[in-house]
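Working notes, structure below.
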Amino acid sequence: MRNRENQRGTDMFGFSRKPAHRDVSPVELQALLREGTAIVVDVREPDEFSAGHIPGARNLPLSRFNPAALPDAGGKTLILSCAGGKRSAMALDRCAASKSSADSHLAGGFGAWTSAGLPVEK
């Protein structure tokens, strides 16, 4: 018998699964930004952010990250970003623990964004 989840998000033995983070590709994020349906929060440190970031991104460093300080998305999708995806995933874990609705991050982080040749703001 296969181990299937029930509708409550638990497996057949009653153990809860950790909620998954939603990965957004650089091209998908660019489209969302162009449509005006996303807000990017960069969790890198200020020196990293000032060296270059996704245009319009807001900086909320992981070292002092508090989900309550996330901007009001106003119906838009909040997408967290960092250098490579690790710190944004850690920030999403904090969001989940605090019951924040933020659940998305840029797959591969700013490195993937720049590798895709997308615009950078300084």
Side-chain angles (χ1 to χ4, degrees):
M1 179 178 203
R2 296 189 80 181
N3 192 10
R4 295 181 187 238
E5 288 184 23
N6 66 25
Q7 293 179 0
R8 293 189 317 261
T10 58
D11 65 24
M12 65 187 295
F13 300 107
F15 295 106
S16 295
R17 269 190 347 139
K18 183 177 178 181
H21 300 154
R22 180 173 165 255
D23 290 338
V24 176
S25 74
V27 172
E28 183 182 5
L29 177 55
Q30 182 187 38
L32 292 170
L33 290 171
R34 195 174 312 146
E35 294 166 2
T37 59
I39 296 172
V40 177
V41 175
D42 191 320
V43 299
R44 296 178 299 153
E45 293 304 308
D47 59 322
E48 295 172 280
F49 184 80
S50 66
H53 55 269
I54 295 168
R58 300 170 191 190
N59 189 220
L60 186 57
L62 183 63
S63 62
R64 55 183 180 263
F65 185 82
N66 178 354
L70 286 168
D72 178 15
K76 297 179 181 182
T77 302
L78 266 176
I79 300 176
L80 305 186
S81 176
C82 65
K86 185 175 180 179
R87 286 179 281 179
S88 57
M90 291 168 64
L92 286 176
D93 288 343
R94 292 183 192 178
C95 290
S98 72
K99 309 278 191 251
S100 169
S101 62
D103 68 353
S104 303
H105 72 139
L106 176 60
F110 188 66
W113 179 268
T114 58
S115 291
L118 297 171
V120 173
E121 185 174 271
K122 292 186 179 185

In the single-linkage hydrophobic clustering (I, L, V, M, F, W, Y; side-chain heavy atoms under 4.5 Å), do [X] and [Y] co-cluster?
X	Y	answer
Leu29	Leu80	no
Met90	Val41	yes
Val27	Val40	no
Ile39	Leu60	yes

Which heavy atom in [X] sits nearest to a heavy atom in [Y], and how many Å separate them?
X	Y	answer
Gln30	Pro119	NE2-CD, 4.2 Å
Pro71	Leu78	O-CD1, 3.8 Å
Cys82	Ser88	SG-N, 3.3 Å

Who passes side chain to side chain contact (heavy atoms under 4.5 Å, CB included) against Ser104, sequence neighbours left out?
-> Arg22, Val24, Thr77, Ile79
Quick one: does Asn59's side chain have a donor or acceptor within less than 3.5 Å of a partner on Asp42's backbone?
-> yes
Pairs meeting criterion side chain to side chain donor-acceptor pair (under 3.5 Å) with involvement of residues 108-122, two or more places apart | His53-Glu121
Applying side-chain hydrogen bond (donor to acceptor under 3.5 Å, both in side chains), name anything that partners Ser81, two or more places apart in sequence or on another chain.
-> none
Please, which pairs that meet salt bridge (charged side-chain N to carboxylate O under 4.0 Å, His left out) have at least one residue in residues 65-88, sequence neighbours excluded?
-> Glu48-Arg87
Do any pairs count as a salt bridge (charged side-chain N to carboxylate O under 4.0 Å, His left out) and have a residue in residues 102-120, sequence neighbours left out, and if so which ones?
-> none
Can you give the donor-acceptor pairs under 3.5 Å from side chains of residues 63-70 to other protein atoms, not counting sequence neighbours?
unit_1: Ser63; atom_1: OG; unit_2: Glu45; atom_2: OE1; d: 3.0
unit_1: Ser63; atom_1: OG; unit_2: Glu45; atom_2: OE2; d: 3.0
unit_1: Asn66; atom_1: OD1; unit_2: Ala68; atom_2: N; d: 3.0

